[in-house]
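Worksheet for the structure shown next.
Only this structure's heavy atoms are used, side chains among them; waters, hydrogens and symmetry mates stay out.
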Amino acid sequence: MKCCELTAADLRHVVQLQRATETPDDQGGTVRTWSTFASCRAKVSQISAREAVQLAAIRSPVVARCVIRYRADLTASDCILFNGQRFAIVGAPVDLEFRGRWLEIELQGIAAI
């Protein structure tokens, strides 16, 4: 997908960008909790049936794609919350056309909230 094909009107969904934090529990250990560090507009789409077959052949867990405005602070260890579903980021977010305008993120479903 080229960034020139995207417009602000394509960003129909709202997603929350979340980051894991380790918080101490009462037994001396830590518990991983997810906290939202940003909320933004996005274009979220499921992968096509053809892509699903191709990705299954290489054992890729990708189930959806998300495009947001460029952010330098988003990493592969973060996750995205969309419609009550938490998605892990598969691989590093991709700067479309290396212009610093749009990020394409491949997602893997984790669990319902």
Revision key, fill the gap. Sorted by chain and number, sequence neighbours left out, side chain to side chain donor-acceptor pair (under 3.5 Å) with R69 holds for none

Review point. If two hydrophobic side chains count as joined below 4.5 Å and joins carry through other members, does V63 share a cluster with V44?
Key: yes

Point to revise | Residues forming a side chain to side chain donor-acceptor pair (under 3.5 Å) with T36, sequence neighbours excluded | key: Q16, Q18

Practice item. Would you check if I68 and I80 make a side-chain contact, meaning some heavy-atom pair closer than 4.5 Å? Key: no

**Study point:** Single hit among R86, R19, R71 for salt bridge (charged side-chain N to carboxylate O under 4.0 Å, His left out) with D78
**Key:** R19

Exercise for review: Please name the pair of heavy atoms, one in A76 and one in P93, separated by the smallest distance, quoted to 0.1 Å.
Suggested key: N-CD, 4.2 Å

Check your understanding: For S77, what residues pass the side chain to side chain donor-acceptor pair (under 3.5 Å) criterion, not counting sequence neighbours?
Key -> T75

Review point. So, for L6 and K43, which heavy atoms are closest and what is the spacing to 0.1 Å?
Key: CD2-CD, 4.0 Å

Practice item. Could you pull out all residues at least two apart from Y70 that satisfy side chain to side chain contact (heavy atoms under 4.5 Å, CB included)? Key: A72, D95, L103

**Study point:** Exercise: identify the closest heavy-atom pair between C79 and A88
**Key:** CB-CA, 4.4 Å

Point to revise | side chain to side chain donor-acceptor pair (under 3.5 Å) partners of D26, counting only residues at least two apart | key: none

Check your understanding: Listed by chain and number, what are the side chain to side chain contact (heavy atoms under 4.5 Å, CB included) partners of T23, not counting sequence neighbours?
Key -> T21, V31, T33

Exercise for review: Locate the shortest heavy-atom distance separating L107 from V90; write the atom from each residue and the value.
Suggested key: C-CG2, 4.0 Å

Check your understanding: In terms of hydrophobic clusters joined by side-chain contacts under 4.5 Å, are F37 and I105 together?
Key -> yes

Review point. What residue pairs, at least two apart or across chains, pass salt bridge (charged side-chain N to carboxylate O under 4.0 Å, His left out) with a residue in residues 33-42?
Key: none

Check your understanding: For Q27, which residues count as a side chain to side chain contact (heavy atoms under 4.5 Å, CB included) partner, sequence neighbours excluded?
Key -> D25

Exercise for review: Tell me, please, which residues at least two apart from R32 pass salt bridge (charged side-chain N to carboxylate O under 4.0 Å, His left out).
Suggested key: E22

Check your understanding: What's the spacing between C66 SG and L17 CG if we round to 0.5 Å?
Key -> 8.0 Å

Check your understanding: Which distance, rounded to the nearest 0.5 Å, do you find between the CD of E97 and the CZ of R99?
Key -> 6.0 Å

**Study point:** Pairwise ring-ring contact (aromatic ring centres under 6.0 Å, His included) hits with a residue in residues 7-35, at least two apart
**Key:** H13-F82

